[in-house]
Enquirer: 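Before I ask anything, let me first share the structure, which is written out below as structure tokens.
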Number of protein chains: 2
Amino acid sequence: MTKVKESSTRNYNKGIAEMTCPVTYVMNKIGSHWKPIILYNLISGPKRYGELKRLIPAITEKMLIQHLKQLQEDNLINRKAEDIVPPHVVYSLTPSGKELGPVLMAMADWAIKDNAKYAGFSATADAGMELK
Amino acid sequence: MTKVKESSTRNYNKGIAEMTCPVTYVMNKIGSHWKPIILYNLISGPKRYGELKRLIPAITEKMLIQHLKQLQEDNLINRKAEDIVPPHVVYSLTPSGKELGPVLMAMADWAIKDNAKYAGFSATADAGMELK
DNA sequence: ATAGCTACTTACTTTGGGGTAGGTACTTGT
DNA sequence: ACAAGTACCTACCCCAAAGTAAGTAGCTAT
């Protein structure tokens, strides 16, 4: 495995930007292409690994697991595994993750306003339905 | 220049995800590390190229211009250039871009809640001050 | 005359996100 | 005995995003 340069300009810049811009702090946590989708799908309630896979058909297993792990490390989701034979793992939003709801919703709302193709898509109804 | 595979799995997947998830639509537009920062800095009013550069010290010129161009193409910002000798170019949010305000604000709010280091950072006061 | 200002452009290199394709463990169904 | 189902892990590779470094035009101030 090639060693990772621990203090690249890239990381340095990220650090700088993060210190002066809260928006970048957010981007560094959920700024990949998949993280917001995963979180969005968890808003409507806890989901098993396999469920998420089915809900997000375009994602590869590697990306799914990788991002689930990172989201865990960033304290945005919980992982609960039952130690039974066909594994049963459930992912759910942490309080911190739940508070991202408004962000995701604001995004979805904007997408609906910005693009006609989401005309039939009600963000609040769609993702918030099982929130209590 | 090496030819770009016009229909990579990556792009295919992006397309799929975009069709089923409005959040991904947003990420594909403002999902880079720099775009949200640029937009965030434009919320408080139109800015010259050089101003943006000073406001975002960590960004390189290449990245700034590149993203300004893309944001223009995506109809999120306007570019107004006066044809005078020391160039004078002003960037401002389009109506569509302005509607991203709530998204950026929701992000900033979340960052403040999620991380103590932004305790003194008031998102609404900071970015919205010159909005009318 | 030369350096400086502005808003860029271009060529080249590096980095890491993401995809592909396999394998693992352990049990249950046939 | 063997496939199927779960939730993963691993090695390898590709490519596009991001960084580095230099150059451009045309005027102005010293």
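Order of the sequence lines fixes the chain letters, A, B, ..., with proteins taken first and strands second; residue numbering starts at 1 for each chain. All of these numbers come straight from a predicted model, not from anything done at the bench.
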Enquirer: Roughly, in whole Å, what's the span from CD in Gln70(A) to P in dG17(C)?
Expert: 7 Å

Enquirer: Under the side chain to side chain donor-acceptor pair (under 3.5 Å) definition, can you give me all pairs with a residue in residues 62-85 of chain B, not counting sequence neighbours?
Expert: Ser32(B)-His67(B), Lys35(B)-Gln70(B)

Enquirer: Can you check the Asp83(A) CG to dC26(C) P distance for me, whole Å?
Expert: 10 Å

Enquirer: Measure the distance from CE on Met63(B) to C1' on dT10(C) and round it to the nearest whole Å.
Expert: 13 Å

Enquirer: Under 4.0 Å between a side-chain N/O of Thr60(A) and OP1 or OP2 of dG19(C), yes or no?
Expert: yes

Enquirer: Name all residues meeting the side-chain contact (heavy atoms from CB on, under 4.5 Å) criterion together with Pro46(B); count only those two or more places apart in sequence or in a different chain, and write none if there are none.
Expert: Val90(B), Ser92(B)

Enquirer: Just how far, in rounded Å, is C1' of dG17(C) from CG of Leu64(A)?
Expert: 15 Å

Enquirer: If I take atom CD in residue Glu82(B) and atom P in nucleotide dG26(D), what distance separates them, rounded to the nearest angstrom?
Expert: 18 Å

Enquirer: All N/O contacts under 3.5 Å from nucleotides 2-9 of chain C to the protein, with atom names and distances to one decimal?
Expert:
unit_1 : atom_1 : unit_2   : atom_2 : d
dT6(C) : O3'    : Arg48(B) : NH2    : 2.9
dT6(C) : O3'    : Pro87(B) : O      : 3.0
dA7(C) : OP1    : Arg48(B) : NE     : 2.9
dA7(C) : OP1    : Arg48(B) : NH2    : 2.7
dA7(C) : OP2    : Gly50(B) : N      : 3.1
dC8(C) : OP1    : Arg79(B) : NH1    : 2.2
dC8(C) : OP2    : Arg79(B) : NH1    : 3.1
dC8(C) : OP2    : Tyr91(B) : OH     : 2.7
dC8(C) : N4     : Glu61(B) : OE1    : 2.2
dT9(C) : OP1    : Lys69(B) : NZ     : 3.3
dT9(C) : OP2    : Lys69(B) : NZ     : 2.9

Enquirer: Just to confirm, is there a sub-4.0 Å distance from OP1 or OP2 of dA18(D) to any side-chain nitrogen or oxygen of His67(B)?
Expert: yes

Enquirer: Expressed as a whole number of angstroms, how long is the span from Met27(A):CE to dA17(D):P?
Expert: 14 Å

Enquirer: Residues in side-chain hydrogen bond (donor to acceptor under 3.5 Å, both in side chains) with Ser96(A), at least two apart?
Expert: Asp114(B)

Enquirer: Evaluate the side-chain proximity of Leu93(A) to Leu100(A): yes if any heavy-atom separation is below 4.5 Å, no if none is.
Expert: no

Enquirer: Please report, rounded to the nearest Å, how far the C1' atom of dG17(C) is from the CG atom of Asn28(A).
Expert: 14 Å

Enquirer: Measure CD/Gln66(A) against C1'/dG18(C) and give the value in whole Å, please.
Expert: 8 Å

Enquirer: Which heavy atom of Tyr49(B) sits nearest a heavy atom of Leu68(B), and at what distance?
Expert: CD1-CD1, 4.0 Å

Enquirer: Who pairs with Glu61(A) by salt bridge (Lys or Arg N to Asp or Glu O under 4.0 Å), at least two apart in sequence or on another chain?
Expert: Lys53(A)

